[in-house]
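Have a look at the structure below, then the notes.
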Amino acid sequence: MELVIIRGRRDDGKTTTATLLHNELIGQGANVKMLKTNGNYLSVDNWMVDFQSVLDLEKKRIVIISEGDDDDRLAELMESLIDDYRPDIVVVCARARDVEGSSYRMLTERYEDLVKPENEFWTEFADDRSKMLDVKRPIVELIVNKISNI
């Protein structure tokens, strides 16, 4: 299993980036096996909601978890989704901070062998809401390329 991490500070757009990734993979033909949100269906035009999804793309099973602010919640979700779906790739969001109790620290401790610098992608932030999605699309493209090469 490969672990891909979308990192960023609070409100930098980790969930937005994960939503764009989810939608891009569907656009490339991925089949949705499971989608659970904390609100309405994923939309890049409205407020983003945290979600978990399981996608099958070609011969790869991909799990995406946007809920990366709480280390215990992220650990619980990862364990459950990995056990239930046996993914090839897990994409998670994690706050940038590498401190005790952070989701990123949990990932480095619990999944030490899977955390690789080349699989970490930092979100970009735009003060101008009209540019919010534009600054995230290059990151999504990099993650899609990474997934394609796994």
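Please read all numbers here as calculations on a predicted model, not as lab measurements.
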Check your understanding: Considering only heavy atoms from C-beta outward, does the side chain of Val92 approach that of Ile6 to under 4.5 Å?
Key -> no
Point to revise | Short side-chain to backbone donor-acceptor contact, Arg7 and Trp122, under 3.5 Å | key: no
Study note, to complete from the structure: Rounded to the nearest 0.5 Å, the NZ atom of Lys14 sits from the OG atom of Ser103 at a distance of 8.0 Å
**Study point:** Joint hydrophobic cluster, Ile89 plus Phe121, side-chain heavy atoms closer than 4.5 Å
**Key:** yes
Practice item. To the nearest 0.5 Å, tell me how far Met106 CE sits from Asp98 CG. Key: 12.0 Å
Revision key, fill the gap. Rounded to the nearest 0.5 Å, the CD atom of Glu124 sits from the OG1 atom of Thr16 at a distance of 13.5 Å
**Study point:** Sidechain-backbone polar pair: Ser102 side chain, Arg97 backbone, donor-acceptor under 3.5 Å
**Key:** yes
Review point. Looking at OG1 of Thr15 and CG of Leu21, how far apart are the two atoms once the value is rounded to the nearest 0.5 Å?
Key: 12.0 Å
Check your understanding: Can you name the salt bridge (Lys or Arg N to Asp or Glu O under 4.0 Å) partners of Glu24, sequence neighbours left out?
Key -> none
Exercise for review: Working to the nearest 0.5 Å, report the span between OG1 of Thr17 and NE2 of His22.
Suggested key: 14.5 Å
Review point. Do the non-hydrogen side-chain atoms of Met1 and Ile82 ever get within less than 4.5 Å of each other?
Key: yes
Contacts under 3.5 angstrom, residues 60-68 side chains, donor-acceptor by atom type, not counting sequence neighbours:
from  : atom 1 : to     : atom 2 : distance (Å)
Lys60 : NZ     : Ile147 : O      : 2.6
Lys60 : NZ     : Ser148 : O      : 3.0
Lys60 : NZ     : Ile150 : O      : 2.9
Arg61 : NE     : Asp56  : OD1    : 2.7
Arg61 : NH1    : Tyr85  : O      : 3.4
Arg61 : NH2    : Asp56  : OD1    : 3.3
Arg61 : NH2    : Asp56  : OD2    : 2.8
Ser66 : OG     : Asp50  : OD1    : 3.0
Ser66 : OG     : Phe51  : N      : 2.8
Ser66 : OG     : Phe51  : O      : 3.4
Glu67 : OE1    : Arg73  : NE     : 3.1
Glu67 : OE2    : Gln52  : NE2    : 2.4

Study note, to complete from the structure: All heavy atoms of Leu35 vs all of Ser53, minimum pair found to be CD1-CB, 3.8 Å
Check your understanding: In the single-linkage hydrophobic clustering (I, L, V, M, F, W, Y; side-chain heavy atoms under 4.5 Å), do Leu114 and Val91 co-cluster?
Key -> no
Practice item. Would you sort out whether Asn23 and Leu25 count as a side-chain contact (heavy atoms from CB on, under 4.5 Å), showing the intermediate values? Key: CA-CA 5 Å; Asn23 291 342; Leu25 294 173; over 6 Å; no
Check your understanding: Should Leu74 and Leu81 be counted in the same cluster of Ile, Leu, Val, Met, Phe, Trp and Tyr side chains packed under 4.5 Å apart?
Key -> yes
Review point. In the single-linkage hydrophobic clustering (I, L, V, M, F, W, Y; side-chain heavy atoms under 4.5 Å), do Leu77 and Tyr104 co-cluster?
Key: yes
Review point. Quick one: side chain to side chain contact (heavy atoms under 4.5 Å, CB included) partners of Glu100, sequence neighbours excluded?
Key: Arg105, Glu109
**Study point:** Co-membership, hydrophobic cluster, residues Ile143 and Val32, 4.5 Å side-chain
**Key:** yes
Point to revise | Side chains of Leu55 and Lys33 in contact at under 4.5 Å (non-hydrogen atoms) | key: no
Practice item. Taking salt bridge (Lys or Arg N to Asp or Glu O under 4.0 Å) as the test, write out the residues that go with Asp12, two or more places apart. Key: Arg9
Review point. Would you say the side chain of Phe125 lies within less than 4.5 Å of the side chain of Met132, judging by non-hydrogen atoms?
Key: no
Point to revise | Close side-chain approach of Glu112 to Thr108, heavy-atom, < 4.5 Å | key: no
Check your understanding: For Glu79, what residues pass the side chain to side chain contact (heavy atoms under 4.5 Å, CB included) criterion, not counting sequence neighbours?
Key -> Asp83, Arg110
Review point. Any side-chain heavy-atom pair from Met78 and Leu107 closer than 4.5 angstrom?
Key: yes
Point to revise | Which residues share a side chain to side chain contact (heavy atoms under 4.5 Å, CB included) with Glu118, sequence neighbours left out | key: Lys116, Lys146
